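Encoded as structure tokens, the structure appears first; notes follow it.
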Protein chains: 2
Amino acid sequence: MYSFTEENYLKAIYKLSDVDGNGVSTNSIAENLETKAASVTDMIKKLSNKKLLKYEKYKGVNLTPKGKDVAIQTIRKHRIWEVFLHEKLKFGWEEVHDVAEQLEHIQSELLINKLDEFLGFPTHDPHGDPIPGKNGEFQGNPFASLDTVEIHKKVVLSGVINHSVSFLQHLKKIDLTLGQQLTIIERNDYDQSLKLMLNDQVEIFISNEVAKNILVK
Amino acid sequence: MYSFTEENYLKAIYKLSDVDGNGVSTNSIAENLETKAASVTDMIKKLSNKKLLKYEKYKGVNLTPKGKDVAIQTIRKHRIWEVFLHEKLKFGWEEVHDVAEQLEHIQSELLINKLDEFLGFPTHDPHGDPIPGKNGEFQGNPFASLDTVEIHKKVVLSGVINHSVSFLQHLKKIDLTLGQQLTIIERNDYDQSLKLMLNDQVEIFISNEVAKNILVK
DNA sequence: ATATAAATTTAGGTTTGTCTAAAAATTTTA
DNA sequence: TAAAATTTTTAGACAAACCTAAATTTATAT
Ligand SMILES: [Mn+2]
Ligand SMILES: [Mn+2]
Ligand SMILES: [Mn+2]
Ligand SMILES: [Mn+2]
């Protein structure tokens, strides 16, 4: 139905869309997709003709409901494939994204629905990101960033803000994984670094830089 | 490494290659890929420049070892994905091919090797076609066509010649599935139709047209 | 309010893969 | 073997997605 490239543009624009309806800028799309502004303008015109977004010259773009739906369905496929790669094929959580970027463009409703069923209808991907349903609904209870959590409160590691390979590898290295129960034992006022208790067993130190990128509930 | 289209051309040429080294004709490639001869000539020049095949004007083409390797690896990916779709996602054997045509172009050595392991290193796809190994070896004991099998001999349904959706659906309808044990009870001289015994239990009739397209061992 | 800077669009091209129509080479037929 | 038929290649175009350089519009600073 839509090309590889069209789906990637719609996904990028969806992710860049504000809660308030400010148009997404040409430059931000170009940066996100690692392409040039001139190329973005070309593609925007094409997507506008197809009624996937609203475009006013120099004013940025906003997805139409149709465009938003294509974006969300692509995100749904991406995250379901990530679950498959992680749960079934034992890919590390830092390895799944690049392959899912390819798999998300396979065109078969049947395939994604059967895969969803095979995986037991997962609600979140290996990074804790929610998987939208067939009709595009997000069951969104957003998580809190660990650096805002009060001391001694028991929380569960449920997501990450930074999705980079290096950050994900770092968490793995210090044994921080999704689903883990943790508590802040001590917060250092000087640099906002934290001492954590993991599963009531092990103590570790993390910097504020790391804490800011961890989501808990 | 190679584009979607390049891989499809190499796969088509590989399948059209004679045992004797006759060049594959432009027209046969065009027909196989449902494109035009002029387009084939263009692509042939490109693949020839990349040393994936040998091309002499008006004489047809032959794959180089490198081109043959790309073709076989693409077939390997196709068939492994077909096993996944059939065994794990419960696709019918007539449904797997079209989706595998897309999945075979996903570029990740790690993915295909992990998938292969996940499936227990299958040797044949859902249609009985052999899956080449990582180094391109086929363990090829070719099957016999059912219409050449002698009467009363016990054989196992191991493959099909015709891979069309309609033929595969027909076999399913008359309860002929891969791995089934069968024996020819009677051959009608008039039209070469057969009476078969399935698993020593059920008798069915099949036409010569069907028998010619069934492979057994 | 201008001048400068930044963002965006336009103009003109490239690459990949496709097409039709016409020319050239090869094969078949008589 | 010469004519006819078939196959293959070439010429010229087109659409998708990208690029650089230049022009235009909008935003920022003095
Ligand atoms: Mn991802
Ligand atoms: Mn993810
Ligand atoms: Mn197939
Ligand atoms: Mn097959």
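Below, chains carry the letters A, B, ... as their sequence lines are ordered, and counting in each starts from 1. These figures come from a predicted structure and were not determined experimentally.
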Are any of [X]'s side-chain N or O atoms less than 4.0 Å away from OP1 or OP2 of [N]?
X	N	result
A:Asn27	C:dT8	yes
B:Ser3	C:dT16	no
B:Tyr9	C:dT18	yes
B:Thr41	D:dT8	no

Base, sugar-phosphate, or nothing: which does [X] touch, judged by heavy atoms less than 4.0 Å apart?
X	answer
A:Lys45	sugar-phosphate
B:Thr5	sugar-phosphate
A:Tyr55	sugar-phosphate

Check: Could B:Glu117 and A:Lys90 be called an ion pair, given the rule that one side-chain N must be under 4.0 Å from one carboxylate O?
Finding: no
Check every atom of [options] against the side chain of [X] and return the nucleotide holding the closest atom.
X	options	value
B:Thr35	C:dT8, D:dC18, C:dT18	C:dT18
B:Thr26	D:dC18, C:dT8, D:dT9	D:dT9
B:Tyr58	D:dT9, C:dT8, C:dT10	D:dT9
A:Lys36	C:dA7, D:dT20, C:dT9	D:dT20

Figure out the [atom1]/[atom2] separation between [X] and [N], and round it to whole Å.
X	N	atom1	atom2	result
B:Lys50	C:dT15	NZ	P	13 Å
A:Lys57	C:dT9	NZ	P	8 Å
A:Glu31	C:dT8	CD	P	11 Å
B:Glu34	C:dC19	CD	C1'	16 Å
B:Lys59	D:dT7	NZ	P	16 Å
B:Asn49	C:dT15	CG	C1'	14 Å
B:Asn8	C:dT18	CG	P	9 Å
B:Glu56	D:dT9	CD	P	11 Å

Check: Can A:His78 and A:His97 be said to form a ring-ring contact (aromatic ring centres under 6.0 Å, His included), step by step?
Finding: CA-CA 8 Å; A:His78 180 100; A:His97 179 79; 4.7 Å; yes
Item checked: Centroid separation B:Phe84 to A:Phe84 less than 6.0 Å -> yes
Margin query: For B:Gln169, I'd like to know if atom CD has over 12 heavy atoms of other residues, nucleotides or ligands within 6.0 Å.
Written below: yes
Checklist line | NE2 on B:His163 to CG on B:Leu168, rounded to 0.5 Å | finding: 7.5 Å
